[in-house]
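Here the structure is laid out as structure tokens; the discussion comes afterwards.
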Amino acid sequence: MDFSEWPKIELHLHLDCSLGFAVVNEFEPGITTADFQHRFTAPLKCQNLSDFLSRVEDSIQLLQTERALTAATLDLLAQLQSDNVIYAEIRFAPLLHTQQGLAAAEVVEIVSDALEKGINQTGVQAGLILCTLRNYSAGQSMETVQLVHRFRHRRVVGFDIAGDELAENPQIHEAAYAFARQHGIPCTAHAGEARGPESIWETLRYFQPQRIGHGVRCVEDPALVDYLVKNRIHLEVCPTSNVQTNVFATLADHTIDKLYRAGISLGINTDGRTMENVTLSEEYRRLHDCFGWGPGHFLRCNLDAVDAAFASEETKAGLREALFA
Ligand SMILES: [Zn+2]
């Protein structure tokens, strides 16, 4: 089955995990495809999330200039267009891109400008989510959420926490999420990936996000599944990424079909297109082959994702129309 023509929604997608070969080649002329794969993609199976995250370093190193950030953003929009993604939320941690003198606010401005241009070029609708990291300080998280507040008129739509789930305790970032709530900033949070249900409970308690990035180990706790269903907390599920970071041994062991049948709101995402070496069409094909998912499953996931998107009601109405077209 070919899913490339299907309209799709993607809410969980990291800019720094999606560097196309052409972009890298522009900045490192002569790089071979073998070297590119070695340095900018991760193996199909990493030991764990920490192992995976250690492999994003070369991508981060490259994304330190206006030219590179612009090229990567424009290229990602083109990738989304060819995958027939009609709406995407692209995330990155601005503070990671200040190693060669850019200020964090400049980083956001650059990516926001490039996104605007990419939207005009491709017709893909998109917003930006700014991430803090689990190992950041309270001050760094506050700085990041304040950037969301400051750039909301520039297509910045939400706040997230990413990075190694095993690191530090969540209370450090509580004030940043409280700031988000006070200012009506929509939030998501990575959780339930490297750790189980207790991490998701903790994340819900301290951060009160509308969505969870991954959350796929919630099935280990029926009370948590109930809570997610009742409160319509949306899970941004990234099946290939979860196998890659060894949350599950194989796709057949993935909980996505159980989550779907439990009635949890969920969507399908790549997490990153280069590091994970996958497109969203390919994710659909794998779910089709592995779990027998068909049009009804994918439509419900896309509609769930529209409901949970950090977009205006007007945008959402347009997306629903496009999904049913
Ligand atoms: Zn992620």
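Indexing begins at 1, ligand by ligand and atom by atom, following the structure's order.
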Legend entry - Atom CD of Q171 with >12 non-hydrogen neighbours under 6.0 angstrom: yes

Legend entry - Any Y136 side-chain heavy atom under 4.5 Å of I172 side chain: no

Legend entry - Donor-acceptor side-chain pairing of S281 and D83 below 3.5 angstrom: yes

Legend entry - Side-chain H-bond candidate by donor/acceptor type, N246 with K45, under 3.5 Å: yes

Could you confirm whether [X] has any N/O/S atom lying under 2.8 Å from the Zn ion (ligand 1)?
X	answer
D271	yes
H14	yes
C17	no

Inset, instruction - State, to the nearest 10 degrees, the angle whose vertex is the Zn ion (ligand 1) and whose arms point to NE2 of H190 and NE2 of H12. - result: 90°

